[in-house]
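No hydrogens, no waters, no symmetry mates; every other heavy atom, side chains included, goes into these values. Naming: A, B, ... by sequence-line order, numbering from 1 per chain.
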Amino acid sequence: MAKAHVYKRDHVNTDEIIPARYLNTDDTAELAKHCMEDLDGGFVKKCRPGDIIVCGDDFGCGSSREHAVWSIQGAKVGAVIAHSFARIFYRNCINCGFYPIEMPDAVNKINDGDELEIDYKNGTINNKTQKKTLKFNALPDFALAIVHDGGLLEHIKNQK
Amino acid sequence: MSKMTITEKILARAGGKASVKPGDLVNAKIDMIMCHDVTTPPAISMLKEHGIDKVFDREKIAVTPDHFQPAKDIKSAELHKRLDTWAREKDITYYYPIGKAGVCHALLPEQGHIRPGEVIIGGDSHTCTYGAFGAFSTGIGSTDLAAAIATGVLWFKIPASMKFVLNGKLRPGVYSKDVILEVIRRIGTDGALYRAMEFVGPALKTMSMEARMTITNMAIEAGGKNGIIGFDDITKDYLSGRLKGKTEYTVFESDADAEYFSTDEIDCSRLEPMVAFPHLPSNGKTIGECAGLAMDQSYIGSCTNGRIEDLRVAAQILKGREVAIRTIVVPATPVIWKQAMDEGLFDVFYAAGCVVSAPTCGACLGGFMGILAEGEKCVSTTNRNFVGRMGHPKSEVYLASPATAAASAVEGKLADPRKYI
């Protein structure tokens with residue numbers, strides 16, 4: 001059961017997702033302990049494996065640190081749904097095999113605590129709590145191929 | 001052939017295409033890769049894990065530890081060790097270990113690694129700085145970095161270009177930092193999302209390469225993919241005798257009838273010193289709107305404003321005066337550090353009661369060397385003022401020019417630098 005953690009915020013930046021004071025390591029388990037710490041200090045405690053972060057525009061703006069994606073993956077977050085993503089973060093997600101879900105107006109269609117089920121194949125989100133099906137913008141094919149392979153390096157390897 | 005912007009032309013060349021338009025994908029050949037101590041060690045580990053031992057071209061990579069250098073703790077020392085071991089093992093031609101290490105975006109241009117017309121990437125969001133040289137330059141994460149180190153190629157979607165015409169001439173006490181803070185105030189932190197920001201106009205003709213780099217450095221703060229300024233005599237003079245390795249380069253310029261997503265005009269003669277309030281670089285106010293707000297610290301340094309010109313401006317204001325708050329001056333590279341010492345700027349900073357540190361990114365990103373306690377306010381010449389950026393999540397960062405940061409240091413509160421010039 002994937003629960004939504006909704007932050008009605010735009011511009012949630014990489015310093016909030018993983019503060020630079022923790023960048024002296026690239027250990028995913030360590031980074032996971034501090035996921036979203038400067039936005040919501042209680043996030044790691046309440047996030048169960050598969051839970052979903054829902055935000056407004058420009059999610060992941062700021063630094064190029066892929067540590068932001070690793071901390072989210074390490075915290076076993078199932079997906080991030082945002083109205084839009086900052087460019088480098090978006091690219092880093094794809095490169096890590098983590099599907100960034102772009103959905104306009106998500107924070108108004110999903111409430112905190114809603115139970116969600118994502119259908120990547122059809123590009124839909126089943127909001128079980130509200131009994132509604134929501135559509136999201138599918139990734140372009142080339143990016144989808146990278147995500148399917150599990151990330152850019154795996155993708156490069158598979159192509160050889 | 002259809003008309004193109006400078007960004008489109010550079011990416012078309014790098015992708016082996018005669019012509020491109022926004023939205024097209026290219027596999028671009030990379031001319032230079034910037035590597036530092038935070039994002040490169042993970043890239044090296046990824047390559048090892050995938051059994052890829054290759055470096056595509058050891059002469060097209062520049063390596064410097066900067067974020068936590070000199071190592072601030074055991075963990076960062078381990079990052080430096082991984083970076084150092086790799087750079088030596090791969091015999092990277094342009095490796096700048098401690099003593100030669102500097103803040104990457106000040107160091108690479110200074111050391112002659114940035115050529116017009118080239119495609120430059122780096123594992124750091126402020127890699128967009130190098131666009132000041134008429135190059136396409138953008139920040140990437142560790143996986144892209146690993147792929148580029150191994151293959152020398154990365155895919156890019158051609159960004160649409162936004163044109164910013166900088167008209168008029170800056171008045172005394174107003175600097176290129178104030179220009180870019182005004183641009184970001186106008187368009188917002190995602191105003192240029194996925195797009196190229198091209199800066200043109202007469203005001204640029206009075207700006208040094210250092211001043212121009214301050215503008216392109218902050219393109220990412222508007223969400224831009226790259227910032228870019230065309231080549232001219234000022235670029236040419238800066239590069240003359242400085243380039244390492246290949247000394248020839250190709251100059252591209254936007255076609256007169258190239259298509260732009262938008263065009264904005266900024267009258268630089270009317271600009272005032274700007275301060276971006278917490279917690280977004282787009283929260284700009286004129287100094288007239290905010291002078292008098294008490295500060296706890298002034299920070300003069302970083303890839304945005306830690307160059308010699310910046311230190312000179314700060315020293316000019318601090319000369320014969322004393323600071324009222326903690327003031328930290330961070331020359332961005334060893335060459336700048338030596339130059340500042342030789343010019344007597346350190347004497348000025350010492351007499352004023354500032355502390356001068358070794359080149360480092362340091363406190364700009366909340367690493368070390370000037371971290372803020374709960375509730376503290378810092379006026380800073382850096383580029384980001386996000387929550388917790390320079391320390392405690394409840395501390396605050398106010399972005400400004402070196403002149404405003406120095407004047408504010410003297411008064412202990414946000415102050416207009418023009419009364420000291």
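Annotation for B:K17: atom NZ does not count as buried by contact number, only 12 or fewer foreign heavy atoms lying within 6.0 Å. Counting heavy-atom neighbours within 6.0 Å of A:K46 NZ, excluding the residue itself, gives a total above 12. Residue A:D105 qualifies as enclosed at atom CG: its count of foreign heavy atoms under 6.0 Å is above 12. Within a 6.0 Å sphere centred on CZ of A:R48, heavy atoms belonging to other residues, nucleotides or ligands number 12 at most.
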Discussion item. Applying side chain to side chain contact (heavy atoms under 4.5 Å, CB included) to B:L154 and A:R91, what does each step give before you reach the verdict?
Written reply: CA-CA 12 Å; B:L154 275 187; A:R91 195 173 167 117; 4.1 Å; yes
Fill in: side chain to side chain contact (heavy atoms under 4.5 Å, CB included) evaluation trace for B:V387 with A:D15
CA-CA 7 Å; B:V387 170; A:D15 279 283; over 6 Å; no
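Top candidate by heavy-atom pairs under 4.5 Å with chain A, chosen from B:S142, B:G366, B:A147, is B:S142. Among B:I220, B:D73, B:L47, B:T127, the residue making the largest number of heavy-atom pairs under 4.5 Å with chain A is B:D73. Among B:G139, B:S76, B:G188, the residue making the largest number of heavy-atom pairs under 4.5 Å with chain A is B:G139. Listed options A:G41, A:G151, A:G62 were ranked by heavy-atom pairs under 4.5 angstrom with chain B; first place goes to A:G62. Put simply, of B:E49, B:H50, B:E221, the one with the most heavy-atom pairs under 4.5 Å next to chain A is B:H50. Between chain A and the options B:T138, B:I371, B:D37, B:N383, heavy-atom pairs under 4.5 Å are most frequent for B:T138. Most heavy-atom pairs under 4.5 Å with chain B: of the set A:D38, A:L23, A:I88, A:N13, this distinction falls to A:N13. Counting heavy-atom pairs closer than 4.5 Å to chain A, the top-ranked of the candidates B:L145, B:I52, B:D124 is B:D124.
Contact record, A:S63 with B:R384: N-NH1, 3.2 Å, taken as the closest heavy-atom pair.
Between B:T143 and A:C96 the shortest side-chain heavy-atom distance falls below 4.5 Å. Residues B:W155 and A:I146 have side chains in contact (heavy-atom distance under 4.5 Å, counting atoms from C-beta outward). Looking only at side-chain heavy atoms (C-beta outward), A:D26 and B:R82 come within less than 4.5 Å of each other. Two residues are said to be in side-chain contact when any heavy atoms from C-beta on lie closer than 4.5 Å; B:T39 and A:E66 fail this criterion.
Only the side chain of A:F142 comes within less than 4.5 Å of a heavy atom in chain B; its backbone stays farther off. Using a 4.5 Å cut-off between heavy atoms, A:E37 does not touch chain B at all. A:N95 touches chain B through backbone and side chain together, each having a heavy atom under 4.5 Å away. The contact between B:F68 and chain A is made entirely by side chain atoms (from C-beta outward), counting heavy-atom distances below 4.5 Å.
Between B:I74 atom CD1 and A:N24 atom CG the span is 10.5 Å, to the nearest 0.5 Å. Here the OG1 atom belonging to B:T189 is positioned 5.0 Å from the CG atom belonging to A:D58, to the nearest 0.5 angstrom. To the nearest 0.5 Å, atom CZ of residue A:R87 and atom CD1 of residue B:I140 are 9.5 Å apart. Once rounded to the nearest 0.5 Å, the distance linking CG of B:L193 with OG of A:S84 reads 6.0 Å.
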